[in-house]
Amino acid sequence: MTTLSLQGQDLLTLGDLSAGQIVALLEAATSLEGRQGDVLRGQTIGLLFRKPSTRTRVSFEVAARHLGASTIYMTEDQTQLSRGETVADTARVLSRYLQALVVRTGAHEEIEELAASADIPVLNALTDHYHPCQVLADLKTIREIKGTLNGIEIAYVGDGNNMLQEWIQAAAKLGLSLRAATPDGYGPAPEVLDLPHVKAHPPTLLTDPAAAVAGADVVITDTWVSMGQKDSDRKREAFAGFTVDQGLMAKAHPEAIFLHCLPAHRGEEVTDEVLEGPQSRVFDEAENRLHVQKAVLWAVLAA
Ligand code: CP
Ligand code: NVA
C-alpha cells in the first residue's frame with residue numbers, strides 16, 4: 001500500500017495537500033477498491049450534516065464499515081447545535097467520543113472553526129466553498145478512463161462555487177489544465193484565486209461555455225442552484241445558455257467524458273441525452289466516492 005503522511009490530519013480542501021499526497025490518495029483508493037478488513041476496528045466515525053446527502057453520507061458510512069469502523073449520523077436538529085451550542089464546544093465534546101468527524105455545512109469558516117477546536121481529523125463532506133472528496137472521486141474517474149492525468153484538459157461549465165473552487169485547488173496542486181465558464185457575476189471567489197498556489201497555476205476563466213469546452217478531454221458541470229441558495233429564478237435566468245447539451249459536447253474532444261457530481265437537474269445544467277449518453281461517466285464517478293472515502297478514512301486514521 002502507498003505510504004501516506006496524513007495520519008491525524010483534517011481534509012478541508014485538496015489545496016491543503018501536496019500533489020504527492022493527492023496522487024497517493026488516488027492510488028490508495030484503487031488499492032482498497034473491493035477490499036474489506038478491520039483496520040479501523042473499534043473506531044467510530046461521526047457524520048455531522050447540516051444539509052441533505054445521498055452519495056456522501058452513504059459512501060462514507062459504507063467505507064467505514066468496509067474498514068471495520070462504525071458510524072453515527074447526526075443532522076443539525078438532532079444535536080444541541082440546533083439550540084445554540086457553539087461549534088467549538090460541539091467539536092471539543094465529539095472529539096472525546098469519536099475518532100474522526102465528517103462534516104457537511106454551509107459556511108466554510110464553520111468547518112475551519114470545528115477543525116480548529118477538534119482533536120480528531122475533520123473531513124469536509126461539502127461546504128459552500130469546497131468539496132474535496134467529490135473532486136478526489138472525479139480525479140480517480142478521469143485517471144482510470146484516460147489512463148493518466150498528465151496533459152488532460154478539463155472544462156467546467158456552471159456556477160463558480162464549491163465544485164469549481166475545489167477543482168481550481170486540485171488543478172493548481174496537480175498542474176492540470178482547467179478552463180471554466182461561469183456567467184458574469186457567478187465566478188469563483190477572489191480569495192480562492194488569490195491563494196499563492198492558485199496564482200502560480202491559475203485556471204482560465206471565461207464566460208463562454210463553447211470556448212471552455214473546445215477540445216476538452218473532460219466536461220464537468222454542477223447544479224445551478226446549490227443547497228441553501230435562494231433567488232433560484234434569477235439564477236436560472238443568468239445561467240441560460242450554460243446547459244451542457246449534445247451541441248456543447250460536440251465541441252469537446254471526440255473521446256471526451258462528461259462528469260457531474262450529482263444530483264442532476266435534468267433539463268437545467270445538463271440534458272437527459274448527455275447525462276444518459278455514451279460520454280457520461282457519472283455513475284462510475286458516483287461509485288468512486290466509496291473507494292475514495294475508504295482511502296481518506298484509512299489515510300487519516302490508519303496509514
Ligand atoms: N455529490 C454529492 O455530494 O452528492 P450528495 O449531496 O448526495 O452527497
Ligand atoms: N453545488 C452543489 C453540490 C452538491 C453536491 C451544492 O452545493 O448543492
Side-chain angles (χ1 to χ4, degrees), residues 11-14 29 45-64 71 73-76 101-111 123-142 156-170 180-183 185-189 192 218-232 235-236 238-239 242-244 257-266 268-270 275 280-297:
L11 176 56
L12 303 190
T13 168
L14 297 177
I45 318 294
L47 291 96
L48 180 59
F49 278 45
R50 285 203 197 255
K51 293 177 175 181
S53 168
T54 298
R55 279 145 289 269
T56 310
R57 181 226 174 141
V58 176
S59 59
F60 259 114
E61 293 214 46
V62 173
T71 57
Y73 177 73
M74 296 161 277
T75 57
E76 181 179 356
L101 185 61
V102 179
V103 178
R104 171 167 284 197
T105 190
H108 193 69
E109 294 72 30
E110 181 173 276
I111 201 170
L123 309 175
N124 184 354
L126 181 81
T127 64
D128 292 343
H129 248 55
Y130 296 121
H131 201 2
C133 297
Q134 178 67 53
V135 173
L136 277 173
D138 294 9
L139 289 165
K140 181 174 184 290
T141 309
I142 295 166
Y156 177 94
V157 176
D159 201 4
N161 65 342
N162 39 29
M163 278 305 296
L164 175 56
Q165 291 181 167
E166 191 63 56
W167 260 107
I168 289 173
Q169 293 264 23
T182 57
Y186 292 95
V192 176
V218 183
V219 178
I220 304 175
T221 189
D222 183 19
T223 181
W224 292 344
V225 184
S226 283
M227 287 181 273
Q229 289 186 338
K230 297 190 176 68
D231 219 359
S232 46
K235 267 200 111 173
R236 287 190 183 97
F239 281 73
F242 279 73
T243 303
V244 179
I257 59 168
F258 171 77
L259 298 181
H260 188 315
C261 62
L262 304 177
H265 302 77
R266 295 162 187 253
E268 290 194 6
E269 75 274 7
V270 60
L275 200 73
S280 174
R281 304 307 284 260
V282 298
F283 295 105
D284 296 330
E285 181 187 7
E287 178 187 322
N288 275 323
R289 298 295 308 273
L290 170 62
H291 309 312
V292 158
Q293 253 63 291
K294 238 154 92 176
V296 169
L297 290 175

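Read the numbers this way: they start at 1 and go in the same order the structure lists the ligands and their atoms. Note: hydrogens, waters and symmetry copies are ignored here, and every other heavy atom, side chains too, is used.
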Task: Euclidean distance, Y130 OH relative to L14 CG, rounded to 0.5 Å - done: 10.5 Å
Open item on the list: I need the contact residues for ligand 1: any residue with a non-hydrogen atom closer than 4.0 Å to the ligand, ordered by chain then number.
Closed with: S53, T54, R55, T56, R104, H131, Q134, C261, L262, R289
Task: Heteroatom proximity flag, S226 to ligand 2, N/O under 3.5 Å - done: yes
Task: Those residues that, when tested against D159, pass salt bridge (Lys or Arg N to Asp or Glu O under 4.0 Å) (two or more places apart) - done: K235
Open item on the list: Quick check: M227 and ligand 2, any N/O pair under 3.5 Å apart?
Closed with: yes
Task: Closest contact, heavy atoms only, T221 versus V157 - done: OG1-O, 2.6 Å
Open item on the list: Test of understanding: given a 4.0 Å heavy-atom threshold, classify the contact between N162 and ligand 2 as side chain, backbone, both, or neither.
Closed with: side chain
Open item on the list: Does the structure place the NZ or CZ of R57 under 6.0 Å from the centre of the six-membered ring of F49, at an angle of no more than 45° from the ring's axis?
Closed with: no
- [ ] Ignoring hydrogens and angles, tell me if any N or O in the side chain of Q293 forms a donor-acceptor pair with the backbone of R289 under 3.5 Å.
- [x] yes
Open item on the list: Are any of the N/O atoms on T223, whether in the backbone or the side chain, positioned under 3.5 angstrom from an N/O atom of ligand 2?
Closed with: no
TODO: Could you tell me whether D128 approaches ligand 2 through its side chain, its backbone, both or neither, with non-hydrogen atoms closer than 4.0 Å?
DONE: neither
Open item on the list: Just verifying a value: how many Å separate N288 CG and L136 CG, rounded to the nearest 0.5 Å?
Closed with: 10.5 Å
- [ ] Taking the six-membered ring for Trp and the single ring otherwise, decide whether the centroids of Y156 and W167 are under 6.0 Å apart.
- [x] no
